[in-house]
Asker: 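This structure is in structure tokens; I'll ask about it shortly.
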Amino acid sequence: SVGTLGIPEFGTDFVRRMLEDTRPKTFADLIRISGLSHGTDVWAGNAQEIIKHGKGTISDVISCRDDIMNYLIKLGSEPKKAFFIMEKVRKGKGLSPEDEQLIKSLNVADWFIDSCKKIKYLFPKAHATAYVSMAFRIAYFKVHYPLAFYATYFSIKGDEFNLAVITRGKEAIKQRITEIKSGDMDVRKKSEKAALELALEMLLRGYTFKNVDLYRSDSKKFIIEDKSLLVPFIKIPNLGEKAAESVIRAREENDFKSMEELMNRTNLNKTNIETLKELNILKGLPEKNQMSLFGG
């Protein structure tokens with residue numbers, strides 16, 4: 001619902017839920033969300049509740065350590081005192097009775113004081129800004145050059161790209177995502193889920209995947225062809241980089257006349273050949289070379 005799948009810092013389930021709760025409208029809001037997502041006891045049970053109950057907005061809540069000092073100075077606090085209060089809170093040390101008295105004298109809302117007491121760690125705003133600047137640039141390409149974005153993402157990060165499922169289309173992808181969610185998710189399952197969600201989004205945007213092609217696919221990179229991405233050899237299960245590159249080298253010499261010849265001229269083994277057959281990559285290629293009756 002927020003379109004941030006595959007965007008660094010904003011693509012996780014946790015941050016996507018934050019975006020749904022806050023609906024940021026400015027770049028500054030995105031920086032605040034980055035701060036909230038990197039802090040400890042800053043969002044859940046804290047800023048999230050403040051926003052939910054209408055006590056403050058994304059622009060009001062404490063998101064980065066700088067927010068405390070700047071806000072207190074703005075209300076009239078001595079800068080040095082505001083700095084030391086910020087330092088205590090951002091390290092999770094809370095407020096002393098004297099700190100609390102000072103803040104109350106500035107007519108600060110009670111929720112602000114309660115929020116300070118709950119925080120265990122606060123992210124620096126400079127770091128949040130750097131992260132968001134990077135994410136914003138990548139998001140630009142996702143919007144304006146979608147196939148370049150998806151090709152790059154799947155080439156670099158799609159380690160658990162489930163070729164068999166993705167090439168069967170949207171419904172197969174949805175079913176597999178449901179299966180993953182219903183079980184225990186280890187690191188590989190989480191990675192597969194992320195790749196499947198992004199693949200589904202790509203299909204919903206009107207683009208498609210083309211299955212691995214013996215003569216056109218790259219060894220590692222997804223290739224843009226019209227409104228499609230041509231899948232590379234490396235995304236074939238249990239087929240390593242050296243085997244993929246051996247196919248590229250061999251096809252430059254001559255076409256493959258049979259599966260037997262393909263295996264003999266490359267580093268592919270019998271298991272690889274069976275996998276290629278199952279994925280319909282060897283469609284139309286005979287098992288063995290055809291012998292001519294005339295010895296040709």
Side-chain angles (χ1 to χ4, degrees), residues 2 4 7-136 138 184-187 190-191 194:
V2 291
T4 58
I7 304 298
E9 303 298 315
F10 293 97
T12 64
D13 290 345
F14 174 59
V15 179
R16 277 155 49 204
R17 285 194 297 272
M18 288 178 65
L19 293 169
E20 288 167 358
D21 287 344
T22 58
R23 292 292 168 181
K25 293 179 175 60
T26 66
F27 190 84
D29 287 346
L30 295 177
I31 291 171
R32 299 179 75 78
I33 284 167
S34 179
L36 289 165
S37 66
H38 285 90
T40 305
D41 290 347
V42 182
W43 173 248
N46 197 338
Q48 184 180 28
E49 298 302 312
I50 294 166
I51 293 171
K52 188 185 292 183
H53 294 108
K55 295 178 181 178
T57 67
I58 182 66
S59 302
D60 301 321
V61 296
I62 299 169
S63 61
C64 299
R65 57 186 70 168
D66 314 52
D67 292 340
I68 297 172
M69 183 180 75
N70 291 335
Y71 184 54
L72 294 179
I73 291 172
K74 183 181 177 182
L75 292 178
S77 170
E78 183 188 332
K80 191 173 182 181
K81 287 183 178 177
F83 172 77
F84 283 118
I85 289 172
M86 174 191 73
E87 284 295 285
K88 286 180 189 174
V89 174
R90 67 105 170 170
K91 294 174 182 176
K93 294 180 179 178
L95 300 171
S96 67
E98 293 78 14
D99 296 333
E100 193 169 337
Q101 192 61 42
L102 169 65
I103 294 173
K104 282 182 177 178
S105 72
L106 300 171
N107 294 319
V108 172
D110 289 341
W111 65 258
F112 185 93
I113 296 171
D114 292 338
S115 184
C116 287
K117 291 177 179 178
K118 292 175 182 176
I119 289 166
K120 295 293 185 293
Y121 168 75
L122 271 172
F123 206 52
K125 195 169 189 177
H127 287 190
T129 304
Y131 286 178
V132 174
S133 297
M134 171 194 63
F136 200 81
I138 294 171
D184 294 329
M185 281 200 286
D186 55 17
V187 174
K190 286 179 182 176
S191 179

Asker: Apply the side-chain contact (heavy atoms from CB on, under 4.5 Å) test between Cys116 and each candidate in Val108, Leu122, Val89; give the one that qualifies.
Answerer: Val89
Asker: So which pairs with a foot in residues 94-112 pass salt bridge (charged side-chain N to carboxylate O under 4.0 Å, His left out), sequence neighbours left out?
Answerer: Lys88-Asp99, Glu100-Lys104, Glu100-Lys117
Asker: Restricting to pairs with a member in residues 10-20, which pass salt bridge (charged side-chain N to carboxylate O under 4.0 Å, His left out), not counting sequence neighbours?
Answerer: Asp13-Arg16, Asp13-Lys193, Arg16-Glu197
Asker: So, using ring-ring contact (aromatic ring centres under 6.0 Å, His included) as the criterion, who are the partners of Phe136 when residues are at least two apart?
Answerer: Phe27
Asker: Please enumerate all residues that pass salt bridge (charged side-chain N to carboxylate O under 4.0 Å, His left out) together with Asp114, with sequence neighbours excluded.
Answerer: none
Asker: Looking at every non-hydrogen atom in both residues, tell me the closest pair between Ile62 and Leu36 and how far apart they are.
Answerer: O-CD2, 3.4 Å
Asker: Looking at residues at least two apart in the chain, or sitting in another chain, which of them share a side chain to side chain contact (heavy atoms under 4.5 Å, CB included) with Asp186?
Answerer: Arg188, Lys189
Asker: Could I get the full list of salt bridge (charged side-chain N to carboxylate O under 4.0 Å, His left out) partners for Glu49, not counting sequence neighbours?
Answerer: Lys52
Asker: Could you check whether atom NZ of Lys55 has more than 12 heavy atoms from other residues, nucleotides or ligands sitting under 6.0 Å from it?
Answerer: no
Asker: Does anything in residues 57-70 pair up under salt bridge (charged side-chain N to carboxylate O under 4.0 Å, His left out), and if so which pairs, sequence neighbours excluded?
Answerer: Arg32-Asp67
Asker: Sequence neighbours left out, what pairs pass ring pair (Phe, Tyr, Trp, His ring centres under 6.0 Å) with at least one residue falling in residues 90-113?
Answerer: Tyr71-Phe112
Asker: Mind checking side chain to side chain contact (heavy atoms under 4.5 Å, CB included) for Ser37 and listing every partner two or more places apart, or none if nothing turns up?
Answerer: Phe14, Val15, Met18
Asker: State which residues pass ring-ring contact (aromatic ring centres under 6.0 Å, His included) with Phe84; sequence neighbours excluded, sorted by chain then number.
Answerer: none
Asker: So, Ser133 side chain and Thr129 main chain: donor-acceptor pair closer than 3.5 Å or not?
Answerer: yes
Asker: Who passes side chain to side chain contact (heavy atoms under 4.5 Å, CB included) against Ile7, sequence neighbours left out?
Answerer: Thr4, Phe10, Ala135, Ile138, Ala139, Lys142, Phe149
Asker: Quick one: which residue pairs count as a salt bridge (charged side-chain N to carboxylate O under 4.0 Å, His left out) with a foot in residues 119-136, not counting sequence neighbours?
Answerer: Asp41-Lys120
